[in-house]
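Residue numbers start from 1 in every chain, and the chains themselves are labelled A, B, ... in the order their sequence lines are given, proteins ahead of strands.
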Amino acid sequence: MSEERSLNFLEQIIEEDIANGVNGGRVHTRFPPEPNGYLHIGHAKSICLNFGLAQKYNGLTNLRFDDTNPVKEDVEYVESIMEDVKWMGFQWNEVLFASDYFDQLYIYAETLIQKGLAYVDESTPEQIATFKGTPTTVGKPTPARSRSVEENLQLFREMKDGKHPDGAMVLRAKVDLASPNMLLRDPIMYRIKHAHHHRTGDKWCIYPMYDFAHGQSDSIEKITHSVCTLEFIPHRPLYDWFIKELDIFPSHQYEFARLNLSYTVMSKRKLLQLVQEGTVTGWDDPRMPTISGFRRKGYTAASIREFCERIGIAKRDNLIDLSLLEFCIREELNKTANRVMAVLDPIKLVITNYEAGKTEILNGENNPEDPNGGSREIPFSNTLYIEREDFMENPPKKFFRLGVGLSVRLKHAYIVKCESFEKDENGNVTTIYCSYIPESKSGSDTSGINVKGTIHWVSAAHAETAEVRLYDRLFKVENPAAEEGDFKDFINPDSLHIVEKAYIEPALAKAQLGDRFQFLRKGYFAVDPDSKPGALVFNRTVTLKDTWAKESKH
RNA sequence: UGCCCAAUAGUAUAAUGGUAGUACAGCAGAUUUUGGUUCUGCUUGUCUUGGUUCGAAUCCAGGUUGGGCAACCA
């Protein structure tokens, strides 16, 4: 009686292939990033898909870097990508590089020249574009198209041997200048770049285009199901053409819709711009939609995998609600994160009928959702900090917090009733005076009094301090990419709020990097790597759902 | 006005010729020592016009809308 999730269209294809004995029932996928930036949550979708399909069907997944453009690529990115894939919880079969195949690809290129299916063209980019025609008018051959095999071979070897400067000429496939598919109008296979490659060094001064590398790389690795995003659909006929003319292993490409997430951007170019211009502190800034950003913010790999599972796989363009991702991390952290008390915007509360100087050690349950979560000691005294927003001079009707005459429970402690308050010369409330009910102690309450609200607090004399970073969405609009004009015009100016001195309960001072907590009533928080001994920094991973905040806006 | 892809609640995603379901979001209520969690209930959907069929979200044709394609990027 298991509840079976229905198959997505790729799983259906694979199950049919297995049933029909295609590739002997073998399933081999690959995740093929270009090392020109950090991985983002959209890549996480692709990682979960590619590795997930192989896992489900007892197959393998290669991690292959499509490193065909040395001027944009860097080992820093290679390393971050490997770290992120590992962190996501997946194991690759092999780490491979398209640059491993440069020799083979070169041979493929000569093979096509020999077959009269490729030619060297010294036309300028503008000339090539013009001769290609437009989607509604056919292209015309450039003079180079009729060059002899021998001459093409000689020129291509000269290109390889560095006899020509960058941009002097390219190698083009001779496919079909009249094709309605613009990518088939004699696409470029090789270009000259006298550039240092992060892996092959200075061995090459010609580099294959992505379109001449990707399909063959899949083929060389005997990839059975080459899964990529929708924008590569029109490239598929070209990959199939190369595979057919080269007579090599026929990998098949399938396309799914990439992830778009509301209130952020997913283009590597734009993310790079945010990093380079200092709009964010780096690729792993917790406001970034990168895997490393989410990790630093406190997201778990499991929650991201759960998110990728829930959004599904299909072929239609989509814009996923950020709230779904937030739901996934809350769902996990609600079960696993210990509750602690931290006051981010303090106001002093003095209990007038509690003995000054006395310290009482209270017991606090760590996690009501986890029976084995244990408890901790919390010191209590007559002078506390509470959250400024938990007091109002003129409270509205359903305000279940403090105001003169109102009572609340102090979490894990006593019920207090507000009697008066003090303001400074600017009219800011500075101190609240309360009386407590001695019989109302948590766990042994005999007072018989019921209060509607419970608030968090820390004892002023025992509190430690920490920096707390509060994040909000990076963009003000739901879909920045769809807006007219510069995407940076839609950046949320309040995406980061730093609380330099938050008061935390003493038990929290022992927090380590990697720890996650629920700050009671405030949200889930994770220790940031900027933390130093005695100077903890917490990132807010996500707020708690807050129906009061929503209601009080009306 | 070429070619390709897509179209099911606000957002996603199922139903594969036979009762339009699920999740998130939203709304209302119950419970609660977190205005959290949990529980209950509710609102909202097959782009359109024809055709095939006993029966169409599903198949066919036309239209509409959205997206992609003319980088020495991937």
Side-chain angles (χ1 to χ4, degrees), chain A residues 3 5-9 12 32-34 36 66-69 71-73 121 124-125 128-130 132-139 166-172 179-185 188-193 206-207 209-211 213-214 228 230-237 255 257 262 268-269 310-328 330-331 334-335 339 341 365 368-369 398-401 408-413 415 440 442-443 445 450-456 478 518-523 543-552:
Chain A
E3 206 176 297
R5 188 178 61 87
S6 53
L7 267 30
N8 66 47
F9 78 98
Q12 290 178 26
E34 184 193 13
N36 67 343
D66 274 341
D67 53 350
T68 55
N69 188 357
V71 302
K72 288 192 177 172
E73 293 152 11
D121 195 339
T124 65
I128 289 178
T130 307
K132 258 188 196 177
T134 70
T136 51
T137 59
V138 300
D166 286 6
M169 53 190 68
V170 293
L171 183 70
R172 289 227 260 169
S179 172
N181 182 344
M182 296 301 289
L183 292 162
L184 259 24
R185 317 249 267 227
I188 294 170
M189 295 162 57
Y190 268 92
R191 74 289 217 192
I192 303 173
K193 276 179 195 280
I206 56 172
Y207 291 93
M209 296 289 288
Y210 173 86
D211 275 349
H214 191 86
C228 67
L230 255 28
E231 67 269 29
F232 292 101
I233 290 175
H235 297 243
R236 189 186 340 123
E255 307 87 5
S262 60
K268 273 206 242 177
R269 199 202 94 237
R310 284 173 177 261
I311 58 177
I313 300 293
K315 295 186 78 162
R316 80 185 78 129
D317 293 323
N318 59 76
L319 181 63
I320 310 284
D321 257 334
L322 183 59
S323 62
L324 181 61
L325 217 209
E326 294 183 339
F327 168 83
C328 291
R330 284 191 190 113
E331 184 186 42
N334 175 53
K335 293 190 203 114
R339 274 61 168 169
M341 296 199 284
E365 179 186 35
E369 304 295 320
K398 287 211 232 151
F399 189 72
F400 305 136
R401 306 180 191 181
V408 294
R409 169 167 303 275
L410 298 169
K411 180 74 178 175
H412 301 309
I415 292 173
S440 67
S442 268
D445 187 343
N450 258 324
V451 291
K452 202 85 164 119
T454 300
I455 66 171
H456 61 280
E478 199 170 44
Q518 183 191 116
F519 288 7
L520 222 59
R521 303 206 299 138
K522 298 309 294 180
T543 61
L544 259 25
K545 271 180 76 175
D546 190 348
T547 49
W548 166 251
K550 211 178 295 170
E551 193 180 318
S552 56

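When distances run from any side-chain atom of A:D546 to the nucleotides B:C69, B:G36, B:G35, the shortest one goes to B:G35. Looking at the side chain of A:P135, the nearest of the listed nucleotides B:C24, B:A70, B:G36 is B:A70. Of the candidate nucleotides B:C24, B:A12, B:G35, B:A12 has the atom lying nearest to any side-chain atom of A:I311. In this structure, the nucleotide among B:A23, B:A74, B:U34 sitting nearest to the side chain of A:L520 is B:U34. Checking B:A6, B:U33, B:G35 against every side-chain atom of A:R409, the shortest atom distance belongs to B:U33. With B:A71, B:A14, B:U33 as the candidates, the nucleotide lying closest to the side chain of A:M209 is B:A71. Distance from the side chain of A:N334 is smallest for B:U37 among the nucleotides B:A15, B:U34, B:U37. Looking at the side chain of A:N69, the nearest of the listed nucleotides B:C72, B:A25, B:C73 is B:C73. When distances are taken from the side chain of A:K411 to each of B:C24, B:U33, B:G36, the shortest belongs to B:U33. When distances run from any side-chain atom of A:E369 to the nucleotides B:G36, B:U11, B:C73, the shortest one goes to B:G36.
Contacts of A:Y190 with the nucleic acid, taken as non-hydrogen atoms under 4.0 Å apart, are absent. Using a 4.0 Å heavy-atom distance criterion, A:H214 is classed as making no nucleic acid contact. Using a 4.0 Å heavy-atom distance criterion, A:F519 is classed as making no nucleic acid contact. Within 4.0 Å (heavy atoms only), A:R339 reaches at least one base atom of the nucleic acid. At a threshold of 4.0 angstrom between heavy atoms, the contacts of A:I455 with the nucleic acid are absent. Across all strands, A:H456 comes closer than 4.0 Å to no nucleic acid atom at all (heavy-atom distances). Note on A:K335: nothing from the nucleic acid sits closer than 4.0 angstrom, heavy atoms only. Among the protein residues, A:K193 comes within range of the sugar-phosphate backbone only, with heavy atoms under 4.0 Å from sugar or phosphate atoms but none that close to a base.
Between B:C59 and B:G17, the distance separating the two C1' atoms is 8 Å to the nearest Å. Across the C1' atoms, B:U53 and B:C60 are found 12 Å apart, a figure rounded to whole Å. For the C1' atoms, the distance linking B:A57 with B:C47 amounts to 12 Å, nearest Å. Between B:U46 and B:U13, the distance separating the two C1' atoms is 14 Å to the nearest Å. Atom name C1', nucleotides B:U8 and B:U22: the rounded distance is 13 Å, in whole Å. To the nearest whole angstrom, the two P atoms, one in B:U58 and one in B:A9, are 14 Å apart. To the nearest whole angstrom, the two C1' atoms, one in B:U48 and one in B:U65, are 10 Å apart. Nucleotides B:U43 and B:G10 are separated by 14 Å at their P atoms, to the nearest Å.
Residue A:R236 has no polar side-chain atom (N or O) positioned under 4.0 Å from OP1 or OP2 of B:C3. Regarding contacts with the backbone of B:G35, a side-chain N or O of A:R521 is found under 4.0 angstrom from either OP1 or OP2. Put simply, A:R191 has a side-chain N or O that comes within less than 4.0 Å of OP1 or OP2 on B:C73. Applying the 4.0 Å criterion to OP1 and OP2 of B:C3, one finds that A:T136 has every side-chain N and O outside that range. Contact check, A:T134 against B:G2: no side-chain N or O comes under 4.0 Å of OP1 or OP2. At B:U31, none of the side-chain N or O atoms of A:K452 fall inside 4.0 Å of OP1 or OP2 (strictly under the cut-off).
A:H235 and A:Y210 have perpendicular rings, their planes meeting at more than 60° on a 0 to 90° scale where under 30° would count as parallel.
Where A:I233 and A:P125 meet RNA chain B, the nucleotide closest to each residue was compared, and A:I233 sits on the side nearer the 5' end. Remark on RNA chain B: of its neighbouring residues A:P368 and A:R310, the 5'-side contact belongs to A:R310, judged by nearest-heavy-atom nucleotide.
Using Watson-Crick or G-U wobble geometry with both donor-acceptor distances under 3.5 Å, B:U8 finds no partner in any strand shown. Base pairing analysis places B:A56 opposite nothing; no Watson-Crick or G-U wobble pair with both distances below 3.5 Å involves it. Using the Watson-Crick or G-U wobble rule with both distances under 3.5 Å, B:C3 pairs with B:G68. Across all strands shown, B:U13 is found opposite B:G21 as a Watson-Crick or G-U wobble partner, with both distances under 3.5 Å. The pairing partner recorded for B:A61 is B:U49, the criterion being a Watson-Crick or G-U wobble arrangement whose two distances lie under 3.5 angstrom. For B:G26, the paired nucleotide is B:C42, the pair qualifying as Watson-Crick or G-U wobble because both relevant distances are below 3.5 Å. Pairing for B:A74 is absent, with no Watson-Crick or G-U wobble pair whose two atom distances lie under 3.5 Å.
Taking atom CG on A:L319 and atom P on B:G67, their separation rounds to 13 Å, with Å as the unit. For A:E365 and B:G36, the CD to P distance is 17 Å, given to the nearest whole Å. Rounding to whole angstrom units, CG of residue A:N318 and P of B:G68 are separated by 14 Å. Atom CG of A:L230 and atom P of B:C3 are 19 Å apart (whole Å). To the nearest angstrom, C1' of B:G68 lies 8 Å from CG of A:D317. Between the CG atom of A:L184 and the C1' atom of B:G2 there is a distance of 14 Å, given to the nearest Å. What separates CH2 of A:W548 from C1' of B:U32 is a distance of 18 Å, to the nearest Å. A:E326 places its CD atom 17 Å from the P atom of B:A12, with the value rounded to the nearest Å.
Here CG of A:L183 is found 10.0 Å from CZ of A:F232. Values are rounded to the nearest 0.5 Å. Here the CZ atom belonging to A:F327 is positioned 10.0 Å from the CG atom belonging to A:N334, to the nearest 0.5 angstrom.
Closest heavy-atom contact between A:D121 and A:R172: OD2-NH2, 3.2 Å. Contact between A:L319 and A:E478 at its shortest, heavy atoms only, is CD2-CG, 4.2 Å. Nearest heavy atoms, A:T543 versus A:R330: O-NE, 2.8 Å. Closest heavy-atom contact between A:M209 and A:Y190: CG-N, 4.3 Å.
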Check against side-chain contact (heavy atoms from CB on, under 4.5 Å), A:K522 and A:H456: CA-CA 9 Å; A:K522 298 309 294 180; A:H456 61 280; 3.8 Å; yes
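With hydrogens and angles ignored, no donor-acceptor pair closer than 3.5 Å exists between the side chain of A:R316 and the base of B:G66. Between the side chain of A:E478 and the base of B:G10 there is no donor-acceptor pair of N/O atoms closer than 3.5 Å. Contact of A:Q518 with B:U34 (side chain to base): a donor-acceptor pair of N or O atoms is detected under 3.5 Å.
Using a 4.5 Å heavy-atom cutoff, the side chains of A:I188 and A:L171 are not in contact.
Ion pairing of A:E255 with A:R236 is present here, as a side-chain N (NZ or NE/NH1/NH2) and a carboxylate O approach within less than 4.0 Å.
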